[in-house]
Q: 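Could you have a look at this structure, given as structure tokens, before my questions?
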Amino acid sequence: MEELIQRIINLEERANQVVLEAKEEEKRISQEASVEVDEMSKHIHEMADTKITQLKGRTQNESDDRIIRIYGDTAMKMRLMEEQAEKEQTFWEDDIFNRIIRR
């Protein structure tokens with residue numbers, strides 16, 4: 001009977017040891033997971049910052065390109081208007097002259 005009680009005590013001590021080891025393992029795994037989550041969060045924030053910077057740069061480049069196109073279009077339209085004015089200048093001068101003389 002004493003031997004049976006001793007075996008039960010030994011089993012209980014071993015069970016307590018296993019429970020203690022399991023709790024320690026749970027704590028270690030929890031700490032590792034926390035570190036991994038922090039690293040992943042940091043990495044995600046870095047990726048987001050990089051993407052935001054890229055988008056801002058792209059938006060600025062697109063805006064600059066659009067401004068350049070607008071200036072180019074405006075310059076072309078002004079040049080066409082000047083060419084048209086030069087072509088019609090003689091007609092306008094004659095028309096103005098004739099209107100003045102007819103008065």
Side-chain angles (χ1 to χ4, degrees):
M1 181 75 165
E2 269 183 44
E3 187 178 314
L4 182 61
I5 294 174
Q6 187 61 40
R7 287 179 66 194
I8 291 173
I9 291 173
N10 289 341
L11 284 173
E12 185 178 347
E13 287 175 357
R14 180 66 189 138
N16 286 335
Q17 181 73 26
V18 169
V19 168
L20 183 62
E21 290 172 1
K23 286 182 180 180
E24 289 174 1
E25 181 69 11
E26 178 184 22
K27 183 178 176 182
R28 185 188 64 76
I29 290 171
S30 178
Q31 289 173 339
E32 287 177 0
S34 178
V35 167
E36 189 172 333
V37 166
D38 289 343
E39 288 174 1
M40 290 173 69
S41 177
K42 181 181 175 185
H43 181 69
I44 289 169
H45 279 90
E46 288 172 354
M47 288 177 16
D49 290 342
T50 300
K51 189 65 175 178
I52 289 169
T53 302
Q54 288 173 347
L55 290 173
K56 284 181 180 178
R58 186 181 332 156
T59 301
Q60 184 62 46
N61 290 339
E62 289 172 357
S63 297
D64 292 345
D65 290 345
R66 186 164 182 205
I67 289 169
I68 289 169
R69 281 195 312 269
I70 290 170
Y71 278 134
D73 290 347
T74 303
M76 185 176 66
K77 288 177 184 176
M78 291 295 293
R79 188 170 28 101
L80 291 172
M81 287 173 50
E82 288 171 357
E83 289 174 3
Q84 187 66 30
E86 288 174 7
K87 288 179 185 176
E88 295 184 9
Q89 182 177 359
T90 305
F91 172 77
W92 291 338
E93 288 172 352
D94 290 344
D95 185 49
I96 292 171
F97 181 74
N98 288 332
R99 287 183 184 189
I100 292 173
I101 293 178
R102 290 184 188 168
R103 278 189 163 193

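This chain uses plain numbering: 1 for the first residue, then up along the sequence.
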Q: How long is the straight-line distance from CG of Asp95 back to CD1 of Ile100, given to the nearest 0.5 Å?
A: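 Taking CD1 in Ile100 and CG in Asp95, the distance rounds to 10.0 Å.
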Q: Check this for me: does any side-chain nitrogen of one of Arg28 and Glu25 sit under 4.0 Å from a carboxylate oxygen of the other?
A: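 Result for this pair is yes, salt bridge flagged.
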Q: Quick one: does any side-chain atom of Thr59 pair with a main-chain N or O of Leu55 as donor and acceptor, under 3.5 Å?
A: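 Here the side-chain-to-backbone pair exists.
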Q: Rounded at 0.5 Å granularity, tell me how far CG in Asp49 sits from CE in Met47.
A: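 Taking CG in Asp49 and CE in Met47, the distance rounds to 11.0 Å.
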Q: Answer yes or no: are there more than 12 heavy-atom neighbours, outside Glu3 itself, under 6.0 Å from its atom CD?
A: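 No, not enclosed.
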Q: Checking Gln89 against Glu93 for the side chain to side chain donor-acceptor pair (under 3.5 Å) test, could you report, in this order, the C-alpha distance in whole Å, the side-chain angles of both residues, the deciding distance, and whether it holds?
A: CA-CA 6 Å; Gln89 182 177 359; Glu93 288 172 352; 3.0 Å; yes
Q: Kindly compute the distance separating NZ (Lys51) from CD (Gln54), expressed to the nearest 0.5 Å.
A: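 Here the rounded value is 5.5 Å.
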Q: Give a yes or no on whether the backbone of Ser30 and the side-chain of Ser34 come within a donor-acceptor separation of less than 3.5 Å.
A: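 Checked: no pair found.
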Q: Pick from Glu12, Arg14, Gln6: which one makes a side chain to side chain contact (heavy atoms under 4.5 Å, CB included) with Asn10?
A: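 By the side chain to side chain contact (heavy atoms under 4.5 Å, CB included) criterion, Asn10 pairs with just one of Glu12, Arg14, Gln6: Gln6.
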Q: Using 0.5 Å steps for rounding, measure from the CG atom of Leu4 to the CG atom of Leu11.
A: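 Leu4 CG to Leu11 CG: 9.5 Å, rounded to 0.5 Å.
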Q: Please check: side-chain N/O of His43 versus main-chain N/O of Glu39, any donor-acceptor pairing under 3.5 Å?
A: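 Between the backbone of Glu39 and the side chain of His43 there is no qualifying donor-acceptor contact (under 3.5 Å).
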Q: Please list all pairs passing the salt bridge (charged side-chain N to carboxylate O under 4.0 Å, His left out) test where one or both residues lie in residues 53-66, with sequence neighbours left out.
A: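 Matches after skipping sequence neighbours: none remain.
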Q: Does a donor on one side chain sit under 3.5 Å from an acceptor on the other, for Glu21 and Gln17?
A: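 On atom types as modelled, these side chains qualify, holding a pair under 3.5 Å.
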Q: For Glu86, enumerate each residue passing the side-chain contact (heavy atoms from CB on, under 4.5 Å) test, keeping only those at least two apart in sequence or located in another chain.
A: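 Partners of Glu86 by the side-chain contact (heavy atoms from CB on, under 4.5 Å) criterion come out as none, since no residue qualifies.
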Q: With sequence neighbours left out, what residues match Gln84 under side-chain hydrogen bond (donor to acceptor under 3.5 Å, both in side chains)?
A: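 Once residues adjacent in sequence are excluded, the partners of Gln84 under the side-chain hydrogen bond (donor to acceptor under 3.5 Å, both in side chains) criterion are Glu88.
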Q: Should the heavy atoms of other residues, nucleotides or ligands under 6.0 Å from CD of Glu26 be counted, would the total exceed 12?
A: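 No, CD of Glu26 has 12 or fewer neighbouring heavy atoms, counting only those of other groups under 6.0 Å.
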